[in-house]
Amino acid sequence: MKLNTKVTLFFISIAAALLAVLIAISLYAFRSFSIASATEHIRTAGEIVRVHLTESMINGVIDKRERFLQRLVEVQGLKSARVIRAPEVEKQFGKGLRLESEVDDIERRVLHDGKPHFELTVVDNESIFRGTIPYIATASGNPNCLQCHQVAEGAVLGAVSMSMSLNTLKEKALITVAGIAGVVTLFALLLILLLRRLLRPISETANAVEETVQRALRGDFKGQVEQHTNDEIGQIAVDMNRLLTFLDDGLNRIGGNVARLTERTPAPGENLLTATIDMVDGLTSAAHFKQAIEEDETKTEIYQRLSRTLQSEFSLAEFSIYEISSNKKQMKGVMVDGEMADTCRWCDPQILVRPEACRVRRTGHIIDGIDNPEICYAFRPPAELGERQHVCFPIIQSGAVGSVVQLLTKPSDRERLSSQIPFINVYLRETAPVLETKRLMESLRDSTLTDPMTGLNNRRFLEEYIETLVASVHRKRSHAAILMLDLDYFKMVNDTYGHDAGDAVLKALSTLLKQSVRASDLVIRYGGEEFLIILIDTVGDAAVKVADNIRCAVENLKVQVSGIVLQKTISIGIADFPTDSETFWQAVKFADVALYQAKERGRNRVIRFAPEMWSDSKTY
């Protein structure tokens, strides 16, 4: 119900209630007035009858009293009038006229009590007011009652009983009350009409404000409130329009800026306020996400956090994260469907060894397989899982694709994923610089742990890794064979053919050493032409066999440098950890002692450390 209707009904109710009260009071007042007026009328008429009866007795015409009463009824407007004799008067003067001897209950009570009695009755729809007034004997006046009546003073001589109709007064009262009610009703109607006229601008302004607020809640701030008056209500409309204009302009600017940040295109007719709130919430969550990954230690932790975010924030269960190798020639799986994995589940595995087959890796922009099905030929989801559609995002690092995030969806859920693309892109955009920073830090760290010429780990790497190695050996209760290797007469190469030739020999040797051991074994350039190999889970004869294979391979290695072919030999010392020493560095020292023995015994040989080779008195 609208305000104007409510106020109108309220005032109609008040007016009706006031009118009803006014009519009730007026009717009661007229009734009371009519009864009081009739009472005085009958009292006056009764006094006239008493005086007439007294004069008639004095003048000797008392027998004509009935005619007088008939004339009295005509003159005074009375309905009836008669005189009743009291028993004392009847004893003295007889019964009197016939009408004077017919006494009813009320008259008997008045004759007995000496008190007047008045009552209002309705007979045949006519309101009759009756009054019965006693005549009391008194000695005052001249003449007085006791001069003619032989009764005691104060005795009841008789009574006059008169009645009169109040219908005329009643009709006049009803007409008067009706007139008052009509005037009041007319005044109330005029007041209500005036009130409605005064309330119409308020009601229309309130309705307009309600409509514009509803439109604003739906994202439309272009509604305007019409100004109907120049008072406070009109000022409300003006201020409301200014507020809506300000909000519309502000939200459009905020929404536009946020849309540019999220690269999201607003949909026609969408709720601008809700869309802006969603975009700001997305940016806030992305900022918190960036703060979290900045504090992560490694790229792996960042990928894990990104995976959890895709699952928790976007309710995605099927996705893959790939990382491009530093040489850009390989891709490796990092996360598959929320789990750490190096496999390729949703694409052709060929992309792992030939990254250019991956369209997003090749182009560097988002590949939308929802709007453009089969745009990427490398997308090959397992047939048993049913139809899938995909969106692939590049994570740009140093101007090139460093990582790829692939999201999967069923056709029935494609709209939800499409709506999430701008927000997911914000997260990935925040992830890119942090991943780049971690990559550069890892590269810097690797550069300090890697020999730049041979690509082998250096001695500093061994110093950092040794605690992990020792803990692993102790935990598995296994062994590690330590091989110390040194090229024979390497200084002669540098002196004779130059350092470039020496570098070529070292590079060729490094390649041979890596090819001669397992991927789990460690090959370290220990210094100059000296190398250290740690054979994991290897002891005794197995280590000697590996070392001898290396020696033979080096002996047969031919290195071409500036038109000449260089061949060198190598000496190798072997020690076992923890058999030869429970201290790793002491075992390295024993391997060096065995290498020294190999040099002493003619070079190009493998020597296994024996306790008799070591004494604290010897110097090396």
Side-chain angles (χ1 to χ4, degrees), residues 254-255 257-264 276-328 330-342 355 358 360-361 364-367 391-407 417 419-450 460-461 464-465 467-468:
I254 294 173
N257 292 332
V258 174
R260 282 192 291 272
L261 287 174
T262 59
E263 298 180 358
R264 177 183 180 273
T276 302
I277 292 174
D278 290 342
M279 288 188 289
V280 171
D281 287 343
L283 290 175
T284 302
S285 298
H288 293 160
F289 171 77
K290 183 179 181 181
Q291 182 179 7
I293 62 176
E294 284 176 342
E295 297 173 354
D296 287 336
E297 184 178 4
T298 64
K299 290 190 297 182
T300 300
E301 292 180 357
I302 295 175
Y303 287 129
Q304 290 175 334
R305 191 177 300 278
L306 176 60
S307 173
R308 290 194 297 271
T309 299
L310 293 175
Q311 292 173 309
S312 60
E313 294 291 332
F314 301 100
S315 301
L316 297 174
E318 298 177 342
F319 57 88
S320 296
I321 301 176
Y322 300 94
E323 187 176 55
I324 314 300
S325 63
S326 57
N327 60 10
K328 310 300 180 185
Q330 288 182 324
M331 289 176 63
K332 67 174 182 177
V334 180
M335 305 290 299
V336 176
D337 299 341
E339 300 294 334
M340 296 290 297
D342 57 359
C358 176
V360 67
R361 155 70 179 83
H365 58 73
I366 296 177
I367 302 301
V391 179
C392 293
F393 298 83
I395 299 180
I396 306 300
Q397 302 174 26
S398 300
V401 179
S403 304
V404 173
V405 176
Q406 180 188 50
L407 307 180
L417 180 58
S419 66
Q420 292 175 336
I421 288 177
F423 300 101
I424 294 174
N425 201 30
V426 171
Y427 277 82
L428 299 183
R429 199 165 62 235
E430 298 292 349
T431 303
V434 181
L435 277 176
E436 174 66 5
T437 300
K438 300 298 182 184
R439 185 186 66 82
L440 292 175
M441 291 178 64
E442 288 182 5
S443 297
L444 178 61
R445 183 174 179 275
D446 290 344
S447 66
T448 63
L449 303 178
T450 305
R460 181 176 178 182
F461 170 83
E464 291 194 7
Y465 180 73
E467 289 186 8
T468 303

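Worth knowing before you read on, the calculation uses all heavy atoms, side chains too, and leaves out hydrogens, waters and symmetry mates. Since we're looking at a predicted model, the values are computed, not measured. Position 1 is the first residue of the sequence; numbering continues from there.
Here the CE atom belonging to Met335 is positioned 7.5 Å from the CD atom belonging to Gln311, to the nearest 0.5 angstrom. Going from atom CD of Glu294 over to atom CD of Gln291 covers 7.5 Å, rounded to the nearest 0.5 Å. Distance check: Arg429 CZ to Phe393 CZ gives 11.5 Å after rounding to the nearest 0.5 Å. The distance from the CG atom of Leu306 to the CZ atom of Phe319 is 7.5 Å, given to the nearest 0.5 Å. Interatomic distance, Glu301 CD to Glu295 CD, rounded to the nearest 0.5 Å: 11.0 Å. With values rounded to the nearest 0.5 angstrom, Ile366 atom CD1 is found 4.0 Å from Asn425 atom CG.
Val391 places none of its side-chain heavy atoms less than 4.5 Å from the side chain of Ile424. Contact of the Ser403 side chain with the Lys299 side chain is not registered, since no non-hydrogen atoms from C-beta on lie closer than 4.5 Å. In this structure the side chain of Val405 never reaches within 4.5 angstrom of the side chain of Val360, judged on heavy atoms. The side-chain heavy atoms of Phe314 and Leu417, taken from C-beta on, include no pair separated by under 4.5 Å. You'll find the side chain of Met340 stays beyond 4.5 Å of the side chain of Tyr303, heavy atoms only. No side-chain heavy atom of Ile421 sits under 4.5 Å from any side-chain heavy atom of Leu407. Using a 4.5 Å heavy-atom cutoff, the side chains of Tyr427 and Glu313 are in contact.
Side chain of Asp342 to main chain of Gly333: no donor-acceptor pair is present (N/O by atom type, distance under 3.5 Å, no hydrogens or angles). One N or O on the side chain of Lys438 and one on the backbone of Asp296 form a donor-acceptor pair closer than 3.5 Å. Although no hydrogens or angles enter the test, the distance criterion places a donor-acceptor pair under 3.5 Å between the side chain of Thr284 and the main chain of Val280.
A side-chain contact (heavy atoms from CB on, under 4.5 Å) with Arg305 is found for exactly one of Thr431, Leu310, Ile293, namely Ile293. In summary, of the residues considered (Leu435, Val334, Ile321), a side-chain contact (heavy atoms from CB on, under 4.5 Å) with Ile302 occurs for Leu435 alone.
Of all non-hydrogen atoms in Gln406 and Tyr322, the two that sit nearest each other are OE1-OH, 4.0 Å. When all heavy atoms are compared, the tightest approach of Val401 to Gly364 is CG2-CA, 3.7 Å. Here the closest heavy-atom approach between residue Pro422 and residue Ser419 is recorded as CD-O, 3.6 Å. Residue Gly338 comes nearest to Ser307 through the heavy atom pair CA-OG, 3.2 Å, listed as atom of the first residue, atom of the second, then distance. Scanning all heavy atoms of the two residues, the minimum distance from Met331 to Cys358 falls at SD-CB, 4.0 Å.
With a 6.0 Å radius and a threshold of 12 heavy atoms from other residues, nucleotides or ligands, Lys332 has its NZ atom at or below the threshold.
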